[in-house]
Amino acid sequence: DMNYRLEVHYRYTVEGKKYISSKVKLLPIAKRDQRKIKAWQKLYSAGDEVICYVKPTDPSLAILVKPSKAAIYSIWFPALLALFGFRLILGSFSNKAGG
């Protein structure tokens, strides 16, 4: 299987000190479809000025794309719905037993 991998290098400065990074996301961007890699490449052309996100406790670590919180919401929201549903079911049994 052939995978295409995005490689980007960029410079940034924190408190007067210069750094170089190659991380776009926390995990490397590798795809089987070359068109998807080319789409990522269009986001970061040579000479562009973009925002990078630097780890406050270690400025030598930076990324261009913040991690999504979608995974957290996709786990917790259904779990909360299930919990409330379970509570409703238990509540209906306890009301019938008492009345």
Side-chain angles (χ1 to χ4, degrees):
D1 290 336
M2 180 178 260
N3 272 338
Y4 297 93
R5 190 174 180 155
L6 177 67
E7 188 169 329
V8 175
H9 298 272
Y10 54 94
R11 295 178 297 224
Y12 62 99
T13 306
V14 177
E15 295 179 354
K17 189 170 180 184
K18 295 182 180 190
Y19 297 90
I20 296 175
S21 182
S22 60
K23 285 186 177 272
V24 175
K25 295 170 55 171
L26 290 178
L27 298 175
I29 298 174
K31 307 282 182 190
R32 290 184 183 176
D33 188 352
Q34 186 178 14
R35 292 175 295 168
K36 291 182 180 180
I37 293 296
K38 288 187 183 269
W40 274 98
Q41 283 177 326
K42 288 180 184 177
L43 295 173
Y44 306 108
S45 300
D48 284 353
E49 286 190 24
V50 297
I51 294 173
C52 71
Y53 301 94
V54 179
K55 185 173 183 180
T57 57
D58 185 0
S60 67
L61 299 174
I63 56 175
L64 296 176
V65 178
K66 279 185 173 183
S68 170
K69 294 184 178 168
I72 293 169
Y73 294 122
S74 66
I75 293 169
W76 286 106
F77 188 69
L80 285 173
L81 287 176
L83 180 66
F84 286 123
F86 185 67
R87 186 171 177 203
L88 279 172
I89 292 169
L90 286 179
S92 69
F93 285 125
S94 65
N95 286 341
K96 287 181 184 178

Tell me which donor-acceptor pairs under 3.5 Å the side chains of residues 6-20 have, and how far apart each pair is, sequence neighbours excluded?
residue	atom	partner	partner atom	Å
Glu7	OE2	His9	NE2	2.8
Tyr10	OH	Ser21	OG	3.3
Tyr10	OH	Lys23	O	2.7
Tyr10	OH	Ala62	O	3.1
Tyr12	OH	Pro59	O	2.7
Tyr12	OH	Ser60	O	3.2

For residues 35-52, run the donor-acceptor check on the side chains, cut-off 3.5 Å, and write out each pair with its distance to 0.1 Å, sequence neighbours left out.
residue	atom	partner	partner atom	Å
Arg35	NE	Asp33	OD1	3.2
Arg35	NH2	Asp33	OD2	3.0
Asp48	OD2	Ser45	N	3.1

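Here Lys31 contributes atom NZ and Tyr4 contributes atom OH; the two are 14.5 Å apart, rounded to the nearest 0.5 Å. Distance CG/Leu64 to OG/Ser22: 9.5 Å, rounded to 0.5 Å. From Lys25, atom NZ reaches atom NZ of Lys66 across 15.0 Å, with rounding to the nearest 0.5 Å.
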